[in-house]
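Encoded as structure tokens, the structure appears first; notes follow it.
The shown structure was predicted, so the numbers you read here are calculated from the model rather than taken from an experiment. Residue indices begin at 1 and follow the sequence shown.
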Amino acid sequence: MISVESTEQGIRAVDSSKTSIDVAAERWTETDEGPTVPREPDVTVSGTTTQLRFPPVFVVAETTGGDSYELASEVGPIPLPSDEYVVRVEGNVLAYVAFSGPARLEKPNYEASILSFPEPTSVTLGFRSRTQEPAETVVVPRTPEGIATALSQFPSGHRTTTADRSYPTMRDHPPRIAFGDAVSIPDVVSRRREETAIELRLPASLDYLFPASSLAHYLGASVSVDSDDSDDSVTPRIEAAGRVHELPTLPSFQYETASLLRRTFLLDCLVRNAGPHGTDLAEYRLLSELGLDADRLYAAPVAERLNAYLDAPFERVSEELPEWHLSMYVEPTMSHAETLPYLLQNVPNIFLPESTPLDGGERLSRSLDDFYRGTKPSPRESVAIDLTKPKLGPGRTHGWLAGGVPIDVFKGIPEAYENRFDFLGRAGDSISVVAILNDSGMKDEHADAARIYRERAADLDIDIEVREHLTTEELATVFETPHDFVHYIGHCDRAGLRCPDGNLSVSSLSASNVQTFFLNACGSFYEGVGLVERGSVAGAVTFNRVVDSQAAKVGTMFVRLLVHGFCFERAMQMARRRIMTGKDYAVVGDGTHVLAQSDNYVSSDAVLTRLDDGRFELQYSVHSPWVNGGYFQTHITPDDESRLLGSVGTYVLEQTELCEFLEHADTPIVYDGDIHWSDELLTLLRS
């Protein structure tokens, strides 16, 4: 669902997850009819205008005859000769503009993407949400055969069989799973499910079905199981257009399927550049080293592309392609099978969970009792959490949907993935934030956080409420009232979150209507888990007692990253780098969840190093665990090419060049062992 409203500058479109795009329109007059937008937008609005001004994102204008004009890293202007056009704007909400006639595209000073016309022109604006929700449910028996049947139906969400399916916008949400005595597949799922001549044949065990699920989903494979007295006697294999590719047995099986997923997905990302939606992709040159013909393979059947990719010497180029964005460690149970559709939409690696008890030497020993929050609690009040060390496979971000409490991963909770959809549908509401100070010793963090929320409210529709010293009843009311984010600063022990009149245990709440939260309190892990189990989607918590000054460092950076579009796990990964005891902080629920949008859809990572000759090396990347397959442009040098999400560009810059970049950047940058925001770093370098 998308709502469209008029603003003083033009038009604002907001989707069900409160993601928005603002379009400034000069001399705008709304009309009942206009040109047709052929891209199936969620909503359209027509009118006449002389100029449309969008955020400074990637823009491409395509004619009905197939010509295209891109406004990527360059600023333009690009003249568009008279023709019939559809302009695609890659904003947080996808926008399209249909019109006829001449026009001009430009991105002056990288401040905005502007489409202008020599005279008032009839246009139709179309908007499409990137938020996806499963619309259908497949019913299968609670057996390995039933799960295989469900996995075979998941690819019904793919919009194409070409290499374009690697674009995130071309992969809709798989249907939900429900269990019943007989198979029931909705007609719409069967109709949309396209045959690919690929079959994945596996032993009849969830231990094989789970790790294979993401590969099967992306390929559009039919999944079947071979029953036998011993799973070890069944050789897992992929059959593609008459060819058989044997796979190893466990435990190597899960790593092989992850490797195949990365190979096929990333090579599709390169091959799709030969299609109508290609761009100036830096990695496209790698195809020549593999002997792959992109023009032939782009629209070839999926099975043919798979066979070609398996024959290619992928190891030659593997290290030059992005690291995989997300790995999930999922206990293979029937209940977790119901969570698979929510995970697979984003094509993560799926591994079987394995961990060992955490060695005491792997956590910093701390003797700063005088600096701990409040009075040191007695042993019976302490929250005892037995942490484990997970065995991690390849991947940039890791999530754990299994028993135990591991470090270095977010703790997935099944309820989180369904809870997310309970918070959709309120597109017209502000982002509701409540900052609660229940510890007077932490008033600086509270003040800094409130300032950050208010500053960001100038760009986003944030409604901030600041509260102090809430009683148990008042705090319970906050959690039971619909809010998007609650930032609690205070104490926590085994009895719950501390209030002036006692402790609030989350278990006493009738429900949690708070979408996300940060419990910046000692040992708040179990209270955070309880909030997710009662209705929340994601939150940040602690494992142990934390030092006031360090908690403030994490808290202020974490909220700043959140309101600038970082998902919970990435925000926590970066924020906890600021302190020595960072492993005491973690995320529970869906760690890939995003509270607020960034200006450029996906947030960036930057690491800056001063070189011996006085110049600077900047490593710049755009990536996130909640989206994969897109690409980005930088504005660091005039001749920059597009790069796949997750790729890293390295630039050696003079200080003047670096300062020019920092002037228009709005991003955190790791420099000299700490995280600095770009405007703060600019001031530091010029001082």
Parallel, tilted or perpendicular, judged at 30° and 60°: which one describes the rings of Phe632 and Tyr620? tilted

Please name the pair of heavy atoms, one in Arg285 and one in Glu320, separated by the smallest distance, quoted to 0.1 Å. NH2-OE1, 3.0 Å

Tell me whether Asp172 is salt-bridged to Arg159, with the criterion being a basic N under 4.0 Å from an acidic carboxylate O. yes

Closest heavy-atom pair, Ser166 versus Phe265, reported as atoms and distance to 0.1 Å, is O-CZ, 3.5 Å

With a sphere of 6.0 Å drawn around CZ of Arg243, does it hold more than 12 non-hydrogen atoms of other residues, nucleotides or ligands? yes

Can you check salt bridge (Lys or Arg N to Asp or Glu O under 4.0 Å) on Arg201 and Glu199, steps first, answer last? CA-CA 6 Å; Arg201 300 183 65 86; Glu199 184 171 8; 3.1 Å; yes

side-chain contact (heavy atoms from CB on, under 4.5 Å) between Ile198 and Val302, worked out: CA-CA 8 Å; Ile198 298 176; Val302 181; 3.6 Å; yes

Any side-chain heavy-atom pair from Phe566 and Val602 closer than 4.5 angstrom? no

For Ala61 and Leu80 the tightest heavy-atom approach is CB-CD1, 3.9 Å

Between Ser214 (side chain only) and Pro348 (backbone N and O only), is there a donor and an acceptor less than 3.5 Å apart? yes

Geometric cation-pi criterion, Arg272 with Tyr167: 6.0 Å, 45°: yes

Side chains of Leu94 and Val89: does their closest heavy-atom pair fall under 4.5 Å? no

Examine distances only and state if a side-chain atom of Thr196 and a backbone atom of Gly220 form a donor-acceptor pair shorter than 3.5 Å. yes

Can a donor-acceptor pair be found between the side chains of Thr31 and Ser46 at a distance below 3.5 Å? no

Can you tell me how far the CG atom of Leu644 sits from the OH atom of Tyr631, to the nearest 0.5 Å? 10.0 Å

Could you pull out the closest heavy-atom pair between Pro102 and Pro118, with the gap in Å? O-CD, 3.6 Å

For Phe661 and Tyr651, I'd like to know if the aromatic rings sit close, meaning centre-to-centre distance below 6.0 Å. no

May I ask you to test the Val59-Phe54 pair for a side-chain heavy-atom distance under 4.5 Å? no

Treating Arg316 as the side-chain partner and Glu289 as the backbone partner, does any N or O pair qualify as donor plus acceptor under 3.5 Å? yes

Short side-chain donor-acceptor distance under 3.5 Å, Thr7 and Arg12: no

Interatomic spacing from CG in Leu561 to CE in Met574 - rounded to 0.5 Å: 5.5 Å

Please lay out, stage by stage, how Ser327 and Asn349 fare under the test side chain to side chain donor-acceptor pair (under 3.5 Å). CA-CA 4 Å; Ser327 292; Asn349 291 329; 3.2 Å; yes

Is a salt bridge present between Arg237 and Glu239, judged by a nitrogen-to-oxygen distance below 4.0 Å? yes

Exceeds 12 heavy-atom contacts within 6.0 angstrom, atom CZ of Arg296: yes

Spell out, as yes or no, whether a donor-acceptor pair under 3.5 Å connects the side chain of Arg165 to the backbone of Tyr218. yes

Is there a donor-acceptor pair under 3.5 Å between the side chain of Asp15 and the backbone N or O of Val93? no

Taking the side chain as every heavy atom from C-beta outward, state whether His173 and Gln345 have any atom pair closer than 4.5 Å. yes

Would you please indicate if the ring centroids of Tyr96 and Phe127 are separated by under 6.0 Å? no

Test applied, side-chain contact (heavy atoms from CB on, under 4.5 Å); reference residue, Thr397; option that passes from Gln573, Glu323, His325, His623: Gln573

To the closest 0.5 Å, what do you measure between CZ (Phe58) and CZ (Arg88)? 5.5 Å

Just by modelled atom types, is the Ala25 backbone N or O under 3.5 Å from a matching donor or acceptor in the Thr49 side chain? no

Are Arg171 and Pro168 close enough that some pair of their side-chain heavy atoms sits under 4.5 Å apart? yes

Trace of the side-chain contact (heavy atoms from CB on, under 4.5 Å) decision for Ile350 with Leu344: CA-CA 9 Å; Ile350 302 289; Leu344 298 189; 4.2 Å; yes

Run the side-chain contact (heavy atoms from CB on, under 4.5 Å) check on Val4 and Val14 step by step: do they pass? CA-CA 7 Å; Val4 176; Val14 187; over 6 Å; no

For a quick check under 3.5 Å, do Arg176 and Tyr342 share a side-chain donor-acceptor pair by atom type? yes

For a quick check under 3.5 Å, do Ser642 and Asp280 share a side-chain donor-acceptor pair by atom type? yes

Short question: side chain of Thr63, backbone of Gly65 - any donor-acceptor pair under 3.5 Å? yes

How about Thr169 and Arg128: do any of their side-chain heavy atoms sit closer than 4.5 Å? yes

Glu62 side-chain N/O to Tyr85 backbone N/O, donor-acceptor pair under 3.5 Å: no

Let me confirm one number: the CH2-CG distance from Trp626 to Leu326, rounded to the nearest 0.5 Å. 13.0 Å

Does the cation-pi check pass for Arg262 over Tyr309, that is, NZ or CZ under 6.0 Å from the six-membered ring centre and within 45° of its axis? no

Side chains of Leu290 and Leu267 in contact at under 4.5 Å (non-hydrogen atoms): yes

Beyond-backbone contact of Leu306 with Leu260, side-chain heavy atoms, under 4.5 angstrom: no

Are more than 12 heavy atoms from other residues, nucleotides or ligands located less than 6.0 Å from atom CD of Glu315? yes

Would you check, one step at a time, whether the test side-chain contact (heavy atoms from CB on, under 4.5 Å) holds for Val622 with Asp605? CA-CA 6 Å; Val622 174; Asp605 273 357; over 6 Å; no

Approximate separation, where rounding is to 0.5 Å, of Ile636 CD1 and Leu658 CG: 9.0 Å

Can you check side chain to side chain donor-acceptor pair (under 3.5 Å) on Asn273 and Tyr298, steps first, answer last? CA-CA 8 Å; Asn273 231 45; Tyr298 167 74; over 6 Å; no

For Asp590 and Arg420, run salt bridge (Lys or Arg N to Asp or Glu O under 4.0 Å): C-alpha distance rounded to whole Å, both residues' side-chain angles, the deciding distance at 0.1 Å, then the answer. CA-CA 9 Å; Asp590 179 7; Arg420 180 173 182 267; 5.3 Å; no

For Pro77, is there any backbone N or O sitting under 3.5 Å from a side-chain donor or acceptor partner on Lys107? no

Hey, does the side chain of Arg263 reach the backbone of Ala258 with a donor-acceptor pair shorter than 3.5 angstrom? no

Could you pull out the closest heavy-atom pair between Val57 and Gly91, with the gap in Å? CG2-N, 4.0 Å

Can a side-chain donor-acceptor contact be found between Glu283 and Ser647 if the only test is distance below 3.5 angstrom? yes

Considering all heavy atoms of both residues, which atom of Arg643 and which atom of Val648 are nearest to each other, and what is their separation? NH1-O, 3.9 Å

Just how far is it from atom OG of Ser156 to atom CD of Glu194, taken to the nearest 0.5 Å? 10.5 Å

Please step through side chain to side chain donor-acceptor pair (under 3.5 Å) for the pair Asn307 and His245, ending with a clear verdict. CA-CA 9 Å; Asn307 287 330; His245 306 277; 2.8 Å; yes

